[in-house]
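To keep things clear, I will list the structure first and then write my remarks on it.
So you know, we letter chains A, B, ... as the sequences are listed, proteins then strands, and number each from 1. Hydrogens, waters and symmetry mates play no part in the numbers below; they use all other heavy atoms, side chains included.
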Number of protein chains: 2
Amino acid sequence: MDNNENKLTEISSLGEFGLIDRLTKDLPKVNESTVKAVGDDAALLRYPSTDVLVTTDLLLEGVHFDLTYVPLKHLGYKAAVVNFSDIYAMNGTPRQITVSLGISCRFAVEHIEELYSGIRLACEIYGVDLVGGDTTSSRQGLVISITCIGDAAEGTAVYRDGAHDTDLICVSGDLGAAYMGLQLLEREKVASAGMKDFQPDFQGKEYLVERQLKPEARRDIIKALADAGIKPTAMMDVSDGLSSELMHICKASKTGCRVYEDRIPIDYQTAVMAEELGMNLVTAALNGGEDYELLFTVPLTAHDAVSKIPGVKVIGHITKEDLGCALVTRDGNELPLKAQGWNPLQ
Amino acid sequence: MDNNENKLTEISSLGEFGLIDRLTKDLPKVNESTVKAVGDDAALLRYPSTDVLVTTDLLLEGVHFDLTYVPLKHLGYKAAVVNFSDIYAMNGTPRQITVSLGISCRFAVEHIEELYSGIRLACEIYGVDLVGGDTTSSRQGLVISITCIGDAAEGTAVYRDGAHDTDLICVSGDLGAAYMGLQLLEREKVASAGMKDFQPDFQGKEYLVERQLKPEARRDIIKALADAGIKPTAMMDVSDGLSSELMHICKASKTGCRVYEDRIPIDYQTAVMAEELGMNLVTAALNGGEDYELLFTVPLTAHDAVSKIPGVKVIGHITKEDLGCALVTRDGNELPLKAQGWNPLQ
């Protein structure tokens with residue numbers, strides 16, 4: 001947060017509607033389906049003959065983010081992008097978001113503008129309209145609740161429950177880096193405690209920090225799949241960790257799976273950081289979470305086509321349900337998968 | 001909250017997905033537009049050729065509700081209903097909600113089930129499907145974020161900005177009772193401080209308590225208007241107080257207004273309570289808030305038709321913008337309206 005306190009504007013000096021006016025001034029409107037945005041009891045959208053997708057995320061200070069090292073603009077960007085990711089994970093296109101904020105009294109108008117600038121940047125980059133929300137004070141920390149609405153041509157949405165025996169399991173990008181970024185940020189936070197003008201050392205680990213603070217949603221993969229004529233049989237985004245998400249797909253689809261340790265995509269920086277921290281690299285990649293990559297299954301016949309998509313890797317296959325979910329290690333052993341991903345209720 | 005601690009289930013014993021499974025078990029599906037509800041990255045809705053309405057509300061413990069005297073079931077009911085009210089205020093029909101909860105560690109599964117039972121009851125009564133949400137722990141108090149999606153046949157939605165000079169201003173029900181209910185509950189809370197088995201005295205004031213704890217959305221008025229062939233020129237629900245809402249309509253519509261003090265509908269119990277507390281009754285009715293009544297404007301020609309609708313009262317008329325917004329008192333004086341309603345940012 002900005003420490004230049006003498007330039008800051010108290011939120012109470014604007015009031016709720018003054019603040020909303022300031023935050024939503026000159027909001028662009030890029031989607032035809034956005035008819036009426038901010039400024040009424042509800043937003044009005046018009047989706048002619050398509051399927052409408054709705055997803056929502058609640059982010060709480062102290063649980064989901066730490067303002068000691070998360071810049072407000074990045075936080076806003078990430079809060080929006082993780083919702084877009086959920087819409088892409090349905091094979092849809094995000095179109096609108098609503099943003100509700102609970103603001104503690106230590107925030108000035110400029111802080112909220114910083115947060116909003118990140119949200120607006122994400123909207124601009126992903127072609128999404130900000131159409132409404134709610135703004136209130138919070139007795140505790142910052143509360144961010146975002147709902148995203150998107151669309152998909154009828155019949156094109158992809159659920160979690162469509163995976164079949166022999167389908168290939170694919171994942172985009174690489175895994176575990178956002179989790180390692182979090183470990184790094186936490187370590188530097190501890191190191192900086194009580195020190196003024198502390199300069200955290202992120203050299204050679206920029207990718208980890210970026211994956212944690214500024215994740216992107218894989219719109220490019222959705223487009224590449226469509227261009228290749230591939231409709232996944234099941235899809236999710238990896239927010240709680242690969243292991244947990246795979247088990248969701250298998251449970252919903254009533255299948256088992258085999259994932260190969262040596263196929264799991266891991267970045268070099270992730271490996272170096274795991275080594276430094278003495279953590280098991282595969283465990284981090286399987287359970288780290290916040291990757292916001294796409295995990296999906298395709299029929300065996302799509303093997304060649306899917307293999308040609310840059311940034312997509314086949315990491316295993318779906319099996320019959322009674323075979324359970326397992327990781328096949330480098331030495332050929334099978335370890336049952338466990339959902340050890342981040343538990344937001346603990 | 002339930003004090004029978006020995007029967008309670010710790011939330012961590014179920015985990016996020018166990019809790020969600022338990023809360024969303026046997027969820028009914030009443031709307032055709034609900035295709036896929038809880039259990040995927042996003043809900044999927046299908047609205048053939050209609051307008052889609054989206055509204056959202058963020059409720060924070062200590063700001064919007066006090067669990068000392070608000071039963072969790074009532075809280076859930078109210079949290080859902082206030083969102084339905086926003087959709088009705090657009091002349092639409094609520095169809096789906098998503099519910100995000102931030103749960104502090106002092107809650108057990110049974111507490112959240114109580115809260116959910118109120119949400120589910122509201123959904124049942126108003127014909128709304130619960131289609132998704134997010135559940136997380138909260139380091140502080142209870143956080144409830146609800147988004148409601150509804151529909152309206154194309155061209156039938158009513159905005160705030162359509163009021164014209166000479167239009168009649170109408171309001172449903174009566175005003176100020178929910179605010180007086182809050183004063184009463186706060187008074188009894190203070191009186192009960194430190195006393196065990198304190199029995200609050202609500203005799204003769206049951207209506208006030210009900211208006212505060214269990215408001216209803218005016219679906220009946222929307223139906224009556226449609227049956228009478230009346231489409232309001234502008235409409236809002238009264239959540240922040242009549243005065244504030246009227247000024248929103250006038251600002252958006254670029255008009256002024258005159259509201260007559262002796263036409264403002266006030267219940268007998270509200271008047272008695274204001275007398276008891278030495279508060280100005282009209283001020284309470286104008287600025288109290290949380291009434292969730294409908295405030296709307298209709299053309300002069302609709303006077304006879306609108307007057308026949310039970311529970312609707314004509315309280316004034318729209319004027320040209322340069323005349324400003326004013327209350328005409330019983331003795332014929334004009335007082336400028338002020339938006340003194342509840343400010344969620346103070």
Side-chain angles (χ1 to χ4, degrees), chain A residues 11-12 15-16 19 35-36 39-49 51-58 60 62-64 86-87 89-90 92 96 98 100-103 131-141 143 145 147-150 152 154 157 159-160 236-237 252 343-346, chain B residues 11-12 15-16 19 35-36 39-49 51-58 60-64 86-87 89-90 92 96 98 100-103 131-141 143 145 147-150 154 157 159-160 236-237 252 343-346:
Chain A
I11 287 171
S12 58
E16 181 185 10
L19 177 65
V35 179
K36 181 100 181 179
D40 220 298
D41 294 283
L44 194 146
L45 319 175
R46 191 167 294 151
Y47 284 104
S49 308
D51 288 348
V52 178
L53 302 163
V54 180
T55 184
T56 190
D57 262 311
L58 179 63
L60 304 178
V63 178
H64 300 93
D86 276 322
I87 299 289
M90 297 290 289
Q96 289 91 13
T98 63
S100 292
L101 298 179
I103 305 169
V131 297
D134 193 10
T135 309
T136 184
S137 63
S138 164
R139 293 274 179 277
Q140 302 99 3
V143 176
S145 177
T147 297
C148 184
I149 302 113
E154 205 169 319
Y159 301 127
R160 298 176 178 183
M236 282 186 76
D237 70 334
N343 182 346
L345 289 173
Q346 275 178 341
Chain B
I11 287 171
S12 57
E16 181 186 10
L19 178 65
V35 179
K36 181 97 181 182
D40 221 299
D41 294 284
L44 194 148
L45 319 176
R46 191 167 294 152
Y47 285 104
S49 308
D51 288 347
V52 177
L53 302 163
V54 180
T55 185
T56 189
D57 262 309
L58 178 63
L60 304 178
E61 186 175 348
V63 178
H64 300 94
D86 276 322
I87 298 290
M90 297 290 288
Q96 289 91 12
T98 62
S100 291
L101 298 179
I103 304 169
V131 298
D134 193 12
T135 309
T136 183
S137 63
S138 163
R139 292 274 180 276
Q140 302 99 4
V143 175
S145 177
T147 297
C148 184
I149 301 113
E154 206 170 318
Y159 301 127
R160 297 177 179 183
M236 281 185 77
D237 70 334
N343 183 345
L345 288 173
Q346 278 177 340

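- The CG atom of A:Leu101 sits 10.5 Å away from the OG atom of A:Ser138 when rounded to the nearest 0.5 Å.
- At a 4.5 Å heavy-atom cutoff, the contact between A:Ile149 and chain B is made by side-chain atoms alone.
- The heavy-atom pair separating B:Ala89 from B:Met236 by the smallest distance is CB-C, 3.7 Å.
- Using a 4.5 Å cut-off between heavy atoms, A:Leu58 contacts chain B through both its backbone and its side chain.
- Residue B:Gln96 does not touch chain A at all, counting heavy-atom pairs closer than 4.5 Å.
- The side chain to side chain donor-acceptor pair (under 3.5 Å) search around B:Thr147 returns A:Thr147, B:Thr56, not counting sequence neighbours.
- No other option in A:Gly62, A:Gly102, A:Cys148, A:Gly92 has as many heavy-atom pairs under 4.5 Å with chain B as A:Gly62.
- Applying the side chain to side chain donor-acceptor pair (under 3.5 Å) criterion to A:Thr98, with sequence neighbours excluded, gives no partner residue.
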